[in-house]
Structure formats: C-alpha cells, structure tokens
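Taking it in order: structure first as structure tokens, then the write-up.
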Amino acid sequence: MITRLLVANRGEIARRVFATCRALGVETVAVHSDADADAPFVAEADHAVRLPGNTPAETYLRIDLILDAARRAGADAVHPGYGFLAENAEFAAAVTDAGLTWVGPPAKAIAAMGDKMAAKALLAEAGVPMLPTWTDADGITDFPVLVKASAGGGGRGMRIVRDAAGLAEAVASARREAAGAFGDGTVFIERYVERGRHVEVQIFGDTHGTVAALGVRDCSIQRRHQKIVEEAPGVLPAEVRERLHEAAVAAGRAVDYVGAGTVEFLLAPDGEIYFLEMNTRLQVEHPVTELCTGLDLVRLQLMVAEGQPLPEHATDPHWMRGYAIEVRLCAEDPAQGWRPATGTVHRFAVPGVAREFGNLRAIGLRLDSGVVDGSTVGVHYDSMLAKVIAWGQSRAETIRLLAGALARAELHGVATNRDLLVRVLRSPEFGAVEIDTGFLDRHPEVFAPLLPADQLPLAALAAALATAAAHRADAPVLAGLPSGWRNVPAFPQVTRFTGRDGEIEVRYRLDRSGALAEWSAVPGAGSAARTDGPPTDATAPTAGPTPDGTAADAPTPVVSLVRAAPDRVVLDVDGVRRAYRVHRVSPEVFVDGPDGAASLTELPRFPEPTAELAAGSLVAPLPGAVTRVHVEVGQRVAAGDLLLTLEAMKLEHPVLAPADGVVAELPVATGGQVDTGAVLAVVNPE
C-alpha cells in the first residue's frame, strides 16, 4: 500500500494528484524550485522539499535531486504528473531501482513509445494504421509535412512546413525547442493531413493483463499545436469510435501497457484514422473522461501501481454519460501577438464552480487550477494557469454553461486567452462540430476581444467613477462631497487610462445631487482609433456627449449614474441598467461588465519624464534567453526577416524585421538573458 506519495511535478497537476491522495488518506510530498516556493501546490502538500534553482534543467528535470527528496521526505512512491520527467524511461527505472513504487507504466513501455519512430514500426506490426514518416529531410518531395519532436508532446518542437524552402529552418528550430523542453532534440517528419481532427483514446492497463479503452476525446481546437479545447465523448460515428478503441487497445497490448495512457490519432476527412503517438502518462485533458465515466483516473493509477486489478465497471466505455468540455486558460497577451504573459494574478475567480479537482455529482463546473489570488506567473514554466471543465446532459448545454462561466470570470493581473476560448465555444462552426486542427487559422474572427470597442468608453467611465469613489472613501475630510462636482461647471473631472487601444481620457461632471451631469470618453495620445463615448451599436459608431454638454452628430445613448462604489458601478444606459464590477490594484483597474472585461491602467496627472527609444528599436516582449542571432550589424534586411529567436516559457519566439532596412544595433548575443523591454535590435528603415 502506498502511504506517502511524492509528485515530481508542479502547478495544477500536483494539486490534482494531491486532491485524490487526501481523499484516500495518502500523505503527500511536493518538490519545488525557488520560483515555486510560495505556489499553492507547495502549501497544500504535507511535506515539501526544495530543489535549488529555477529553470527546469536545474530542478524538475534532475532525477538525482528528486530521488534524494523522496528519501529525505520518507516517500514510498513517486507520481510523475505530466511533462518534465513523466515520459522518461530512465526516471521510471531509477525510481523502481530505488525501491519506490512508480505510479506509471513500466520503463520498458515508456522507452518503446518514447522513441516515436520505433513506436511507429512496432505498432504498425500490431495493425495500427500509420502516416508516411521520414527521418531524413533530404528525401521529402511531397508537402505539406509536419516536423515533430521524438521525445515529447504538448506541441513543443512541432512545425508545419508547406514547401522545401522552409524545411531546413523548421527542423533546426524544432530541434532547439525540443531540446529545451525535453532534453532531447531528436525530430522526425510525417505527412500533414489538411482538415484532420485530433482524436485520442484513454487507455488503462493493469498488471493482470487487462488493457481497456475508456472512451474517446476530441482535441482538435489547437493553437501553436497545443490543445486549448478538449471534449468527450466526441461527436463521431459509432464505427469510427469502435475502430479507435480497437486500435488503441492493440497499441497498449503491443507493449504490455500498465497504468494510464493515451493513444492519439488523426481522423482524416474521409474517415480514415492514423496513429500519431502514444503518451505514456496521464493527459492534461483527463478530466473530461473522468466527468463522463465517473472514474477518478488518479485513484486508478494508484490502485494499479499497488497491483490491484482494474474494477470491472472501468473496462466498458459504452456506459459513458453526458458530455464534458475542457478549456485551458493560459497566460497569453493578445496585445503582444499572443505571446506567453507573466505577472501577478491579482484575482482568479470563476463563478459557479461546483468542485475543484474532482468528479461532479450533477450538471456543473469543475476547476483544476495551478494558481490562486496572489500567484506569480514567471518565465520558467508552461503558460497554462488552469483548466475549466463543464459537464452537461448534451454538448449544446455544456457549451453554453462553460462559455457563460468563462465570460463572467474575473481574471485580473495577467493577460489570458479567455476571450478567445469564449468566442470559440460560441462560434456557430464549433456548435455544428465543423472543427479540425486548422480551425483557428480559418476563423480569425474568434481572436477579437469580447468587449466591443464601442463599449470600452462605458467601462472606462465605470473605472473612473469607482476610482473617485475609492478616493472619497479614503478622504479624511469632505468624503461626502460628490466627486467631480465643481462650482464652475466648465471644468469636469478628468481621468486618463491606457488600455488595449492606447490611451483613453474620461471626463465627467456630477451635479450637486451626485447625478451624472455630463461625460465623455475620448482617445488620448497613441490611441489606435477614436472612441468618443459608447455608440448605440457596433455598426454605427457615434461620439458621446462633449465636455460642454452639446450633442454629438450621431444619436448617443442616455447614460445616468445609479450608484458608484469603489468595487461596483451601476449605470443606466438608455433605460437599461448595467452593473460593472471594478477591482483596483493601483494603478491598474479591472472592469468586468455585461459585455466583457477591460484592463486599464490609470495614468498619473503629472507623468515622470522617460527616455525615448531609438527609432526602429525592437524590444523583448517578456524575459527570456536569446537562443540564436541570425543577423549582424550593418546587414541589410527585408520586412519579415528573422533577426533572432527568444526562448521564454518553454517556447521559441521569433523576432522579425518590422520593415526593410539595415541592422544598426545588436546589443544581445546568443545565450544572453534579457528582461522585458530590453532592446534586442535596432533596424534603421530605408
């Protein structure tokens, strides 16, 4: 029997495993880097051991340090989670050799599936259908193809290549990214199928010879080859589902599989299925299977590791009930080209969550999160913050439940992909199951923010009124005087913010009774477009009331103030009340309203002078390491040319020339560390 389990991982998966351990009475051990010392998973563990350092190579990828931590903490078993060493056969063998129980498949099975080329050959002999595959790029003449990392998954080291000209750089870049993520830069190449769906089968094996399929998941909605929306049991013809189950079980039996695993397939438009890879671990998306089967997959992992057989009811996928959909909330900044974001999570609240890290007993929401209020999102690890999962009786019901909860969530402090996820869920094509791995490429409209540009002025007005209310509440005297009240009405209260479209200036005046006498919201310097007041609809932008109270050229909604408090503002807009929740972490102001959320930064009335960057400067969007410099000073470049690559949060980020010109400065070198805002290069345009 397992009595004390060490989880050789971090974040959300560590918390997920700990939750099951608490339910079973198993003690827990966390290992953590210095950057994770105050993370929620460390606080929730019964014991915690520090791994000195911050980067994965210094900490979570160190087999020797993890085994030493298990010894020092008195653990008798190790769970690898997913990522890091989860699919490392050497680690699995080392745990077993140390006399500890390994909560995962045998090292032999991990090794067999870890070499993806060897795995393809082995499973092809077992009758599992395969795509054409190459290891030598020189022999490829038929495009498009997909470059893939041999040692891992999660989208790392994957590149689509559509012609021979881009193949060499794609292979080199994939190798660098794979080496950084998995410690192994080996890649291979396979045929890329257009409009294919990414489907996978959850399998489970025990030490008594049983290998069972626990249903299908559809994970076709992907960004950068990383899944962001997953669902079960998936909308598939019954005969396709049966073929998937049979192929997955055949794959498991071919390697005498034990424990939780996932066999991934590509479903072509003609209904043919092709093996992609087998992940010898628990998957990120396992909660949708749990909600549809009622099984706790981590509990099954522990049972199997202890030598127990799979329960009889766990071997039949046909009794799955309802429909489950999971989305991955990631720290990504739309304003920075959807690059991973860093910072402090000031508030993380998803309404209507029925349970965390466990199965639901009725229709509702589950939250598996690696962060809480106050958590820090750094540059060393994956950008995923949490998974929000909904379960309902039907797919349509589940979509509506999940999209509504996400839209109302308060996610403050770090930019996220929440709006993208909501728009995907609410898109007619997703509802009609018109999905494949190229969905996001064909539907750029889903990248638009939820809050329409014409509603941003109202959000800014709410932010200004809440800020004034907070100042009044803190005032030692005259706290009851309405903010913005003036003896000379020609001078309104003025508050300036920066937001997604640049600066916005809010002007308003309250009368002696505290009612809103006039207001306007106009763009300031550097704004992308004019947003004078909230228009009546998105197709007919209009100007709001001018500071002197005169009417604008187009119809303007009538806005009155119902109430204003530091955390809540209620406005009446054309006879309809709108409530805005406001959260201030000075100077940032987060506004959640009925149409979407706005993140604003209040600007000082008298800003300090700052140094200007040289024209043509390209700056680092986030802290990271320069992995490669492709140009030199004096070199002539064309718009879009690759200047250098920056690695941060386990991804490579290309830095491209913004225009034709000459490289005037190059203050960084390969291997150098840079902070946000550091100048990477200066290109003088021609």
Side-chain angles (χ1 to χ4, degrees), residues 6-17 29-42 45 48-70 78-92 94-95 104 110 114 149-158 173-186 224 226 279-282 284 328 330-331 339-342 370-371 375-385 622-627 645-653 671-674:
L6 181 146
V7 177
N9 219 292
R10 64 179 298 279
E12 165 265 331
I13 181 56
R15 298 185 75 198
R16 164 69 190 92
V17 176
V29 180
V31 290
H32 67 87
S33 66
D34 292 334
D36 279 337
D38 297 322
F41 78 94
V42 178
V49 179
R50 172 179 175 249
L51 305 178
N54 288 313
T55 68
E58 295 172 322
T59 55
Y60 300 106
L61 293 175
R62 287 281 301 273
I63 295 175
D64 56 336
L65 294 184
I66 292 173
L67 291 180
D68 180 64
V78 174
H79 190 299
Y82 37 69
F84 295 137
L85 295 170
E87 294 179 278
N88 187 301
E90 179 186 353
F91 182 46
V95 169
I110 296 175
S150 180
R156 270 72 180 189
M158 293 182 68
S173 177
R175 283 175 175 160
R176 290 192 301 271
E177 190 169 284
F182 313 116
D184 184 345
T186 305
R224 300 190 187 103
Q226 291 181 297
N279 291 307
T280 52
R281 54 175 169 79
L282 196 65
V284 177
R328 302 190 192 188
C330 297
R339 295 186 181 97
T342 59
V371 299
S375 292
T376 298
V377 180
V379 300
H380 301 293
Y381 314 115
D382 191 277
S383 63
M384 191 176 77
L385 303 175
L622 68 169
V626 177
T627 56
T645 52
L646 186 70
E647 182 182 305
M649 300 182 84
K650 299 171 71 174
L651 291 175
E652 273 200 344
H653 308 278
Q673 296 287 329
V674 296

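Residues take their numbers from the sequence shown, with the count starting at 1. Bear in mind that the values here come from a model prediction, so they are computed numbers and not experimental data.
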Listed partners of Ala30 passing side chain to side chain contact (heavy atoms under 4.5 Å, CB included), at least two apart: Phe18, Phe41, Ala45, Ala48
Ala94 to Leu67 - nearest heavy-atom pair and separation: CB-CD1, 3.8 Å
Any donor-acceptor N/O pair, Asp36 side chain to Ala39 backbone, under 3.5 Å: no
Donor-acceptor contact below 3.5 Å, side chain Glu58 vs main chain Asn54: yes
From Arg224 atom CZ to Ser383 atom OG, the distance as rounded to the nearest 0.5 Å: 7.5 Å
Straight-line distance of Tyr381 OH to Thr342 OG1, nearest 0.5 Å: 14.0 Å
Which residues share a salt bridge (charged side-chain N to carboxylate O under 4.0 Å, His left out) with Arg328, sequence neighbours left out: Glu230, Glu285
Heavy-atom closest contact (Val626 atom, Leu646 atom, distance): N-CD1, 4.0 Å
4.5 Å side-chain heavy-atom contact, Arg10 and Thr59: no
Closest non-hydrogen atom pair, Tyr82 against Asn9: O-ND2, 2.9 Å
Side-chain touch Gln226/Asp382, heavy atoms, less than 4.5 angstrom: yes
Closest approach of Val49 to Ala69 (non-hydrogen atoms, all atoms of both residues): CG1-CB, 3.6 Å
Under the side chain to side chain contact (heavy atoms under 4.5 Å, CB included) test, residues paired with Arg339 that sit two or more places apart: Gln336, Pro621, Leu622, His653
Ile63 side, atom CD1; Asp68 side, atom CG - distance, nearest 0.5 Å: 13.5 Å
Gap separating the CG atom of Asp38 from the NE2 atom of His32, nearest 0.5 angstrom: 9.0 Å
Side chains of Glu87 and Asn279 in contact at under 4.5 Å (non-hydrogen atoms): yes
Interatomic spacing from OG1 in Thr55 to CG in Leu61 - rounded to 0.5 Å: 8.0 Å
Nearest non-hydrogen partners of Ser33 and Tyr60, listed with the distance: N-OH, 3.1 Å
Beyond-backbone contact of Asn88 with Ile110, side-chain heavy atoms, under 4.5 angstrom: no
Atom pair CE/CD of Met158 and Glu177 - distance to nearest 0.5 Å: 10.5 Å
Arg281 to Ala86 - nearest heavy-atom pair and separation: CD-CB, 3.9 Å
